[in-house]
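Report on one structure; see the data block that follows.
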Amino acid sequence: MSIVVIGALSPGQNAIVNWFWFGFAVLGLIVNSNSKSKKERNTWVPVLLVSAICALLVALNV
């Protein structure tokens with residue numbers, strides 16, 4: 001069974017959520033960049049960098 005939600009957020013609300021997710025990804029990137037664990041930095045920094053770039057492109061409507 002599949003449920004499709006159309007128009008759940010107004011355009012203004014959608015923009016706010018998109019910028020929130022971008023900020024969340026950037027915050028995660030900063031925190032993980034400062035981690036003492038080299039393994040954690042090597043794993044999560046590239047993932048969060050790509051995530052932040054994708055979230056930015058969505059927030060900018062590119």
Side-chain angles (χ1 to χ4, degrees):
M1 177 183 211
S2 173
I3 298 174
V4 178
V5 178
I6 299 174
L9 297 175
S10 70
Q13 292 171 328
N14 190 39
I16 291 169
V17 171
N18 289 340
W19 283 108
F20 169 80
W21 282 118
F22 170 68
F24 189 71
V26 170
L27 180 63
L29 180 62
I30 291 168
V31 170
N32 281 295
S33 294
N34 292 320
S35 173
K36 293 180 182 178
S37 170
K38 184 177 180 182
K39 194 176 198 180
E40 185 176 352
R41 282 193 314 269
N42 289 342
T43 302
W44 286 108
V45 169
V47 171
L48 289 166
L49 181 61
V50 170
S51 179
I53 291 169
C54 291
L56 179 62
L57 292 175
V58 170
L60 293 173
N61 293 318
V62 174

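In what follows, residues are counted from 1 in the order of the sequence shown. Below, all heavy atoms of this structure are taken into account, side chains as well, without hydrogens, waters or symmetry copies.
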* **Sequence-distant partners of W21, ring-ring contact (aromatic ring centres under 6.0 Å, His included), two or more places apart** => F24
* What pairs with L29 under side chain to side chain contact (heavy atoms under 4.5 Å, CB included), at least two apart in sequence or on another chain? -> S33, V45, L48, L49
* **Joint hydrophobic cluster, V50 plus V31, side-chain heavy atoms closer than 4.5 Å** => no
* Structure fact -> Interatomic distance, OG1@T43 vs CG@N32, rounded to 0.5 Å, equals 9.5 Å
* How long is the gap from OG on S10 to CD1 on I16, to the nearest 0.5 Å? -> 7.5 Å
* Asked: Within a reach of under 6.0 Å around CH2 of W19, are more than 12 heavy atoms found that belong to other residues, nucleotides or ligands?
  -> yes
* Verify the cluster assignment for V47 and L27: are they in a single hydrophobic cluster under the rule of side-chain heavy atoms below 4.5 Å apart? => no
* **Where F22 and A55 come nearest, the two heavy atoms and their spacing** => CA-CB, 3.7 Å
* What residues form a side chain to side chain contact (heavy atoms under 4.5 Å, CB included) with K39, not counting sequence neighbours? -> S37
* Asked: Do V26 and V58 sit in the same hydrophobic cluster, where Ile, Leu, Val, Met, Phe, Trp and Tyr count as joined when their side-chain heavy atoms come under 4.5 Å apart?
  -> no
